[in-house]
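Numbering of ligands and ligand atoms starts at 1, following listing order.
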Amino acid sequence: MTTRYRVEYALKSHRRDNFIEWIKGLLAVPFVLHSQPRVNPSPAENGVAWKAPSADTRSRYAEVFHDIEELVDDHIAHAEQGTVDQSKLKLLVPSVGTFWTKLPLERAFLANEERRAISARRFVAPSFNDVRLTLNSAQLMALVDDLKLITFDGDVTLYNDGGALSPDNPVIPRLIALLRADIHVGILTAAGYEEKNGVKYRERIYGLLDAVAASDLTEEQKKRRLILLGGESNYLLRYSSEAETGLEWVDEEEWQLDIMKALKDEDIHQFLDIAETVLRECIDMMRLPATILRKGKAVGMNPTPGKTLSREQLEEVVLAVQRTLMFAEVSQRIPFCAFNGGADVWVDIGDKRLGVVSLQTWLGGIHGRCTLHVGDQFLSLGHNDFKARLAATTVWIASPSETVEALDEYLELRRRASSCLGLT
Ligand code: IMP
Ligand code: MG
């Protein structure tokens, strides 16, 4: 008999982050036991000194995060010794991945508690977003001294879906502050444009390019530190004040990983043919108002102008194409990424893990613990930022304004750390 668990798993596993769900479950216990809704909280009860109900809840939540922090430490220690299967956390959350750094979760919780008074809530338990933002803070805290490369997804992370980094985007001064701190800033987007003059990418990020041109950054900071890797891991450009578009193409020989250099054109072609066939079948079977766009290293399904596709339709297409490709013989030789872009579906050759590793290698060998990828797509199936976790620490945002908040948090942490050292 099919159990309810199996049904839930089949239907929802691709839409869950198991680590976050597990933490939510742990926080639900103190929420239920200590945050009971009270009709009329009274300052004094039976002569006993009054304590705000949230004080108890806060310390219980903090304890939970403290304990998880220790489990993460234990997991890291096992991973270093090659005994990750013995990690207690792995036992509790089998799908848990690599932690590139320790995570100061208790401190991160208290910082988020300060901002959003999570424990003061008596009717709404700690949510997915509470946990996600706490994990983000912990990751940013862990990177204060060590960040060398930060990569950003484009759509939804730096600008609205399908939009552009226009001059008024508040993320721009934050990106410039990172460049000024001699951190490499990369835009790592699935959007794949093959024009070597970078004209299409300029349309997406012109506000940043113009702001960098007008800034007081040194030539070294501009040219060596601002980079764009498009098509997941296919087209590399870097800032150039000499180029008309502000972007200069970097020759593949200079930066591509061997695995990408070794891809054969006929395999790529065959692979994209299969993906295209599945996309067309989905359009027919579900009568989708959509068209196919084929590129050199990608194939996409876009809604016809004036129409939108529902989440269910997009997810069905991604899962269908992913499943067929997984079993195709040619897929053994092709790294790929099939994802739901929010309004469209794409199958790309390459993925963001390869994108991050390409940049780390090209920049002289930057370690995963010194690299951060900021993105909005971190579910295991059908999301394209997910694979970056295999090469770097990550921060999971839900909108461009959250990216700005995360960068403000990070820059403030750095400022405080350097003022402690008497550097400012
Ligand atoms: P990202 O969020 O910056 O990774 O960009 C993803 C979005 O870029 C997709 O949802 C598409 O709308 C758009 N896009 C444009 N060209 C491509 C392509 O060649 N592959 C994947 N996505 C593309
Ligand atoms: Mg995105």
Side-chain angles (χ1 to χ4, degrees), residues 132 150-165 169 171 175 185-195 198-205 207-208 227-237 260 268 271-272 275-276 279 290-305 307-309 311 313-315 317-318 321-322 325 334-356 358-359 373-379 382-389 392 394-404 406:
R132 177 176 61 79
I150 182 166
T151 57
F152 295 89
D153 164 61
D155 294 58
V156 183
T157 301
L158 289 178
Y159 35 80
N160 291 330
D161 202 11
L165 241 172
N169 189 321
V171 83
L175 298 181
V185 173
I187 295 163
L188 181 56
T189 174
Y193 308 125
E194 292 159 65
E195 294 79 2
V199 67
K200 286 258 180 68
Y201 285 118
R202 178 175 173 81
E203 283 171 20
R204 306 299 299 272
I205 64 163
L208 175 63
I227 43 206
L228 183 151
L229 184 47
E232 314 276 0
S233 49
N234 285 305
Y235 313 109
L236 182 62
L237 297 101
M260 296 297 283
I268 292 178
F271 176 88
L272 292 177
E276 183 175 336
L279 294 177
T291 53
I292 300 291
L293 183 57
R294 177 90 176 238
K295 300 185 179 178
K297 301 226 173 107
V299 56
M301 184 192 83
N302 297 284
T304 45
K307 302 279 183 190
T308 51
L309 299 170
R311 179 180 59 73
Q313 290 169 329
L314 294 164
E315 280 185 7
V317 174
V318 174
V321 76
Q322 169 91 31
L325 289 172
I334 300 278
F336 72 96
C337 175
F339 73 99
N340 164 4
D344 46 23
V345 170
W346 283 88
V347 179
D348 292 326
I349 305 290
D351 60 47
K352 290 199 181 180
R353 179 186 84 83
L354 293 171
V356 172
S358 302
L359 293 179
H373 177 68
V374 183
D376 65 296
Q377 291 225 327
F378 282 105
L379 293 178
H383 270 186
N384 73 338
D385 293 304
F386 178 75
K387 289 223 177 138
R389 279 193 182 155
T394 52
V395 156
W396 183 350
I397 54 79
S399 64
S401 61
E402 272 196 17
T403 303
V404 170

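- Partners of Asn169 according to the side chain to side chain donor-acceptor pair (under 3.5 Å) rule, which considers only residues two or more places apart in sequence or in another chain, do not exist here.
- Residues passing the side chain to side chain contact (heavy atoms under 4.5 Å, CB included) test with Glu195 are Tyr193, Asn197, Val199, Lys200, sequence neighbours excluded.
- Only protein atoms were considered; those of element N, O or S under 2.8 Å from the Mg ion (ligand 2) number 3.
- A salt bridge is defined here as a Lys NZ or Arg NE, NH1 or NH2 lying under 4.0 Å from an Asp or Glu carboxylate O, and Glu402 with Arg132 meets this definition.
- Going from atom CG of Asp344 over to atom CG of Leu293 covers 10.0 Å, rounded to the nearest 0.5 Å.
- Listed by chain and number, Asp153, Gly154, Asp155, Thr189, Ala190, Ala191, Gly192, Lys295, Ala298, Phe339, Gly341, Asp344, Trp346, Asp348, Lys352, Asn384 each place a non-hydrogen atom less than 4.0 angstrom from ligand 1.
- At a threshold of 4.5 Å between non-hydrogen side-chain atoms, the residues Asp376 and Asp155 do not count as touching.
- At a threshold of 4.0 Å, the pair Lys295-Glu194 does not count as salt-bridged, since none of the basic side-chain nitrogens sits closer than that to a carboxylate oxygen.
- Here Leu228 contributes atom CG and Arg204 contributes atom CZ; the two are 10.0 Å apart, rounded to the nearest 0.5 Å.
- The closest side-chain heavy-atom distance from His373 to Leu188 is below 4.5 Å.
- Ring planes of Phe378 and Trp396: tilted class, angle from 30 to 60°.
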